[in-house]
Protein chains: 2
Amino acid sequence: MGDTAQQIIDLAEDAIATKGYSAFSFREIAALMGIKSASIHYHFPTKPHLGLAVASRYRQGYAAALADIDAQDLTPEAALASLVNIYRQQLGNGERMSVCMMLAAEIKLLPVEIQQEMQAFYALNIDWLQHLVQRRQPTWLPAESRVLACQLFALLQGALMGAKTQGSPEYFEQAVVALAKLWPQ
Amino acid sequence: MGDTAQQIIDLAEDAIATKGYSAFSFREIAALMGIKSASIHYHFPTKPHLGLAVASRYRQGYAAALADIDAQDLTPEAALASLVNIYRQQLGNGERMSVCMMLAAEIKLLPVEIQQEMQAFYALNIDWLQHLVQRRQPTWLPAESRVLACQLFALLQGALMGAKTQGSPEYFEQAVVALAKLWPQ
DNA sequence: GTCTATAATTTGATAGAC
DNA sequence: GTCTATCAAATTATAGAC
């Protein structure tokens, strides 16, 4: 994977996070790079190929971030706070929504390979949260910790979506306070 | 507003809920009605006009549904359960996501009038939930009840988004269990 | 690897007949 | 109100030169 291909993925990710998969175009990526759209096709034959490359790298980067948290041997509470921080960072970057949120909304329009990538992204998040819960509640059945993992993830995603839509970081902060309330005391 | 205009809005709402504002077209609506796209322009001069009509009617219908709940003089718990039922109904309708979710994801691309409609939709929801919370916790400050309202709404939206994206009604059911945990006992 | 040139399609929108 | 016809623009994608 060359530098040019990397830069194409960078810009495509940004475009998808801002406009969505349907609305972003090869030409706008090319224009930002000072090349022609035909050159993009040299690196990624079709739009589904480029979209899949974006989604796949996005999931892998996310998995690496979760692994980083794990490597710090934090308490479950602190590890969850680190995840919240990852989401919090997305509040600042202006026109950009979240790649996950855009592809989630468009999922019925996506090539099946990208749909599968999104399913894997969800599984990654929920599995990670489930392990976190299980570590804090060792006596729980896996089914119990999975339910709480779903609750935590739904709240986190809803908080980010609402904050981005309203342009209100406060909304995010107020919503994520509820995460702590979902842990058993 | 004639019958034809109503039917156009019906089909446009369905298309927006399925494909989003950017990806739906006048021609597909016209084809479903057995007319030509030029005829759509007679009823709605531009795409922003039609999009605004969809968003506005959607918000008004939603407001009416909330008013219906209010008219039943339910307990706050039962009223919240009724709202959850409204969201639950969206799990069944196949390819359709939620109008709110699609327009929320695309908000940066929307004509400003539709953006404002979305802001009004969020305000409607949060104000309604805030009143609900205030009714259950009469001694709370408005700021406190507003925070809980944001938490409830974020969880509800995240639950629907995750369930729709994964095609998993169970995800929704597991996530919304947490709504009860957020109420003070 | 990037270019020019172009094909094929889709889109929002308008003019004018009926 | 709906039609035909059309425009101007944008899009994905390909062929072939350099």
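Predicted, not measured: the structure shown is a model, and the values here were computed from it. Reminder, nothing fancy here: chain letters follow the sequence lines and each chain counts from 1.
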### Message
Whole angstroms only, please: what is the NE2-P distance between B/His41 and D/dA8?
### Response
16 Å
### Listed once per pair and sorted, the ring-ring contact (aromatic ring centres under 6.0 Å, His included) pairs that draw on residues 59-81 of chain A, sequence neighbours left out
A/Tyr62-A/Phe121
### Query
So which nucleotide from D/dT2, C/dA13, D/dA13 ends up closest to the side chain of B/Tyr42?
D/dT2
Please tabulate, for side-chain N and O atoms in residues 12-19 of chain B, each donor-acceptor pair with protein atoms closer than 3.5 Å (sequence neighbours left out).
| unit_1 | atom_1 | unit_2 | atom_2 | d |
| --- | --- | --- | --- | --- |
| B/Glu13 | OE1 | B/Arg57 | NH2 | 3.2 |
| B/Glu13 | OE2 | B/Arg96 | NH2 | 3.2 |
| B/Asp14 | OD1 | B/Arg96 | NH1 | 3.0 |
| B/Thr18 | OG1 | B/Asp14 | O | 2.8 |
| B/Lys19 | NZ | B/Glu28 | OE1 | 3.4 |
| B/Lys19 | NZ | B/Glu28 | OE2 | 3.2 |

Show me the donor-acceptor pairs within less than 3.5 Å that the side chains of residues 175-185 of chain B make with the rest of the protein, sequence neighbours left out.
| unit_1 | atom_1 | unit_2 | atom_2 | d |
| --- | --- | --- | --- | --- |
| B/Lys181 | NZ | A/Gln151 | OE1 | 2.8 |
| B/Gln185 | NE2 | B/Trp183 | O | 3.2 |

### Min side-chain heavy-atom separation B/Leu148-B/Gln137 under 4.5 Å
no
#### Entry: For DNA chain C, the residues among residues 8-16 of chain A that have a non-hydrogen atom under 4.0 Å from it
none
### Task
Please report, rounded to the nearest Å, how far the P atom of C/dT14 is from the CD1 atom of B/Ile40.
15 Å
### Given DNA chain D, 5'-ward residue of the pair A/Lys47 and B/Ser39, judged by closest heavy atom
B/Ser39
### Message
Considering only residues two or more places apart or on different chains, which pairs with a residue in residues 30-40 of chain A satisfy side chain to side chain donor-acceptor pair (under 3.5 Å)?
### Response
none
### Message
Between A/Tyr87 and A/Phe172, is the ring centroid distance below 6.0 Å?
### Response
no
### Task
Using the six-membered ring of A/Phe24, assess whether NZ or CZ of A/Lys47 lies under 6.0 Å from its centre and within 45 degrees of the ring axis.
yes
### Task
Report yes if some heavy atom in the side chain of B/Ile107 is under 4.5 Å from a heavy atom in the side chain of A/Met97; otherwise report no.
yes
### Task
Nearest whole angstrom, please: distance from the C1' of D/dC3 to the NE2 of B/His43.
12 Å
### Task
Using heavy atoms and a sub-4.0 Å distance, could you list which residues of residues 19-38 of chain B are near DNA chain C? By number, please.
B/Phe24, B/Ser25, B/Phe26, B/Arg27, B/Ala38
